[in-house]
Student: 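I am attaching a structure below and will ask some questions about it afterwards.
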Amino acid sequence: MSLIVQKFGGTSVASVGHIEAVADKICRFRDQGHDIVAVLSAMAGETNRLAALAHEIMDQPTPRELDALLATGEQVSIALLAMALERRGRGARSFTGGQIRILTDDSHTRARIREVDSTRILAQLEQGNVVVAAGFQGVTESGCVSTLGRGGSDTTAVALAAALEADECQIYTDVRGVYTTDPRMVDGARLLRQITFEEMLELSSLGAKVLQIRAVEFAGKYKVPLRVLSTFEEGPGTLITLEEQTMETPAIAGVAFERDEAKLTVKGVPDVPGAAYKVVGPVSEQGIEVDVIVQNAAADGSNDISFTVKREDAERTLGILEQAVPSIPAQTVELDTHIAKVSLVGVGMRSHAGIASLMFKALGEEGINIQIITTSEIKISVVIEEKYLELAVRALHSAFALEKPENDG
Ligand code: ASP
Ligand code: MG
């Protein structure tokens, strides 16, 4: 008999009909002899609706009260699912984060889990009941309701799975799993059977937003086997696992991309110690996240420093740099808002040579100019003109034969 934590996102519990379907699914797992802890999100759109109510009252709602409000969304879905299970003759109990005692720190609206008390859940499982837990929420030391940040139910599920030493944590969602790239962009995008935690982290931080990044970090840290799968279609989904468990590591897991980026270039920066700091420092101080950075030497001995930011931060960054120009001192600042970033991700890069050269060859053959290149141990990213994004993703997907199932670990 195994213990499975199953998390159902907002689209999976969007209506009473959906909740009934989730109850049927859980019953099938119970019939196979599994113990089930279900973790639910609020019904689709509900968290947004609640947040909007708060914003009607004040621009910046009191964080403590905002949490008290937002956490009610999950309280609705868990009670309904527990009823649906009871109506099917199954014992079920719903619990809020506070009732379980998912203890968090005091940072309202983005609280971090400190401790999970498993006694109550274990006692219910012992009695043969399905436990239906509210995702996204906890309780602070002083007894206030806290929430874990948008998408936080994934993290709740992983935290419960870790605390209960569950055999698997299944995240049910509206896609079939993790793909080699966005299937809306590339027809041949293939569902991955397995992927490592590290690869998943890179893919999610690069725009493949299937799971909350914190949940993936948490699962990696506590070695919780995590599976992403569809609520609506049968299938094995994607298992996110430790590298050692992968039989044969393919070089590349997938092609990720980020469309909404902008590039800033500061020209004529003196080639002296501290100059790069004078460029990047004021930008980071304003809380703007600086991504890919590159420095090029110009013929006159000065440097050009380019870096990327999120497109929404572009104008603000430009303003900051223009102010900094005289004190750097630099010549000019240029802004390019039409850029995109494409990345190859794969733990197999560590042991396979020639990945970068094949990548550059494929882009070159399509006439795509690379503006910036950065690499890490399991990732190579290039910054290119935005209009070539789709072409680049398709070219890389086929250059690395990612549509072929034999490339799946
Ligand atoms: N209901 C919360 C949200 O929409 C938490 C979650 O769905 O994971 O962010
Ligand atoms: Mg969600």
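Fair warning: this is a prediction, and the values are worked out from it, not measured in the lab. Atom set for the values below is all heavy atoms of this structure, side chains included, hydrogens, waters and symmetry mates excluded. Whatever order the structure lists them in is the order used to number ligands and atoms, beginning at 1.
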Student: Is Glu258 salt-bridged to Arg311, going by a charged N under 4.0 Å from an acidic O?
Tutor: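 No, no charged N to carboxylate O under 4.0 Å.
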Student: At less than 4.0 angstrom from any non-hydrogen atom of Ser153, what atoms of ligand 1 do you find?
Tutor: 5 (C), 6 (C), 7 (O), 8 (O)
Student: Taking only non-hydrogen atoms of Gly135, do any sit less than 4.0 angstrom from ligand 1?
Tutor: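 No, Gly135 has no heavy atoms under 4.0 Å from ligand 1.
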Student: Only pairs under 3.5 Å count here: list side-chain donor-acceptor contacts from residues 64-75, not counting sequence neighbours, and write none if there are none.
Tutor:
residue : atom : partner : partner atom : Å
Asp67   : OD1  : Thr109  : N            : 3.2
Asp67   : OD1  : Thr147  : OG1          : 2.6
Asp67   : OD2  : His108  : ND1          : 2.8
Asp67   : OD2  : Thr109  : N            : 2.9
Asp67   : OD2  : Thr147  : N            : 3.0
Thr72   : OG1  : Leu69   : O            : 2.6
Glu74   : OE2  : Ala42   : N            : 2.9

Student: May I ask you to decide whether Glu312 forms a salt bridge with Lys310, counting only side-chain N to carboxylate O separations under 4.0 Å?
Tutor: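 Salt bridge absent between Glu312 and Lys310.
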Student: Would Arg49 and Glu46 pass as an ion pair if we require N to O under 4.0 Å?
Tutor: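 Yes, this pair counts.
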Student: Suppose I only count heavy atoms of Glu74 and a 4.0 Å limit; which atoms of ligand 1 are within that range?
Tutor: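 Result: 1 (N), 2 (C), 5 (C).
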Student: Any atom of ligand 1 sitting under 4.0 Å from a heavy atom of Gly10?
Tutor: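 Gly10: no contact with ligand 1 (<4.0 Å).
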Student: Could you check Val158 against Tyr222 for side-chain contact (heavy atoms from CB on, under 4.5 Å), going step by step and ending with a plain yes or no?
Tutor: CA-CA 9 Å; Val158 172; Tyr222 293 97; over 6 Å; no
Student: Is any N or O atom of Phe136, backbone or side chain, closer than 3.5 Å to an N or O atom of ligand 1?
Tutor: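 No; the residue has no nitrogen or oxygen that sits under 3.5 Å from a nitrogen or oxygen of the ligand.
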Student: Which of the atoms of ligand 1 are close to Arg150, meaning less than 4.0 Å from one of its heavy atoms?
Tutor: 3 (C), 4 (O), 9 (O)
